[in-house]
Amino acid sequence: DVKVTQSSRYLVKRTGEKVFLECVQDMDHENMFWYRQDPGLGLRLIYFSYDVKMKEKGDIPEGYSVSREKKERFSLILESASTNQTSMYLCASSLQGGSYEQYFGPGTRLTVT
Amino acid sequence: GENVEQHPSTLSVQEGDSAVIKCTYSDSASNYFPWYKQELGKGPQLIIDIRSNVGEKKDQRIAVTLNKTAKHFSLHITETQPEDSAVYFCAAPGTTLGRLYFGRGTQLTVWP
């Protein structure tokens, strides 16, 4: 079974802090994704990556950056956390370019105070 | 990009009744339509999908139907059980390889 793990289930940070959210998948998937989930807004794509050191902007990249130095790991970075970034963050992976079945991690609930 | 709309946003049914969730999409080139179930405290998980060369697909109590002409697809759950209670998301691909566009989700509650 594909396993996608996220570094924290719950995280509380202060406004202005730099925040790192880590995601690791164990099935040698090429594609990785970061989503944000808010009530009534569904899953909104922040960034995705097709391969190591590659990244593409999603629909809401403002205020976020990503890093993919190794194939299995995809990091989401909040350079200066703000209260409007309080949300559930979900990481997902899929096999390769044209594969659409995505496997999700359990999510990180981030609160910025 | 693709625009996926999902209705209703909430749905309550009695145990044993059927539940139907509907989605529409905008890009006529889309050819793959998955449904994800998200249980409380977990990430979404694929439960069924359909490709554009078929009109219906069933897996035990769940089925998905697709109408390419009207650009809509639906999830049908029969004989609902309390464990079906979850948030359900539909999705469709856009022109960007490997990317899915998700609907806003439906909170299904099944009352015993």
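Below, chain A is the first sequence line, B the second, and so on; all start at residue 1.
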- Does the side chain to side chain contact (heavy atoms under 4.5 Å, CB included) test come out yes or no for A:Gln102 and B:Leu100, once each step is laid out? CA-CA 9 Å; A:Gln102 295 186 13; B:Leu100 288 174; 3.9 Å; yes
- Item | Test log, rule salt bridge (charged side-chain N to carboxylate O under 4.0 Å, His left out), inputs A:Asp59 and B:Arg99 | CA-CA 11 Å; A:Asp59 297 323; B:Arg99 179 180 170 173; 2.4 Å; yes
- Given the rule in the side chain to side chain contact (heavy atoms under 4.5 Å, CB included) test, do A:Asp38 and B:Arg104 qualify, once you have shown the distances and angles that lead to the verdict? CA-CA 9 Å; A:Asp38 298 290; B:Arg104 294 194 175 195; over 6 Å; no
- Message: Before you tell me yes or no, could you show the steps for B:Phe102 and A:Gln37 under side chain to side chain contact (heavy atoms under 4.5 Å, CB included), namely the whole-Å CA-CA distance, both residues' side-chain angles and the distance that decides it to 0.1 Å?
- Response: CA-CA 11 Å; B:Phe102 287 87; A:Gln37 182 176 13; over 6 Å; no
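The environment of CD in B:Gln14 is crowded: more than 12 heavy-atom neighbours from other residues, nucleotides or ligands sit within 6.0 Å.
Annotation: side chain of B:Thr96 is in contact with side chain of A:Tyr50 (closest heavy-atom distance under 4.5 Å).
Of all the listed residues (A:Ser94, A:Gly40, A:Pro39), the one sharing the greatest number of non-hydrogen pairs under 4.5 Å with chain B is A:Gly40.
In this structure, the side chain of A:Tyr100 does not engage the main chain of B:Leu97 through any donor-acceptor pair within 3.5 Å. Between the side chain of A:Arg9 and the backbone N or O of B:Gly41, at least one donor-acceptor pair lies under 3.5 Å.
Heavy-atom distances place no part of B:Gln6 under 4.5 Å from chain A, backbone and side chain included. Contacts between A:Leu41 and chain B at a heavy-atom distance below 4.5 Å involve backbone atoms as well as side-chain atoms. For B:Pro44, the parts lying under 4.5 angstrom from a heavy atom of chain A are both the backbone and the side chain.
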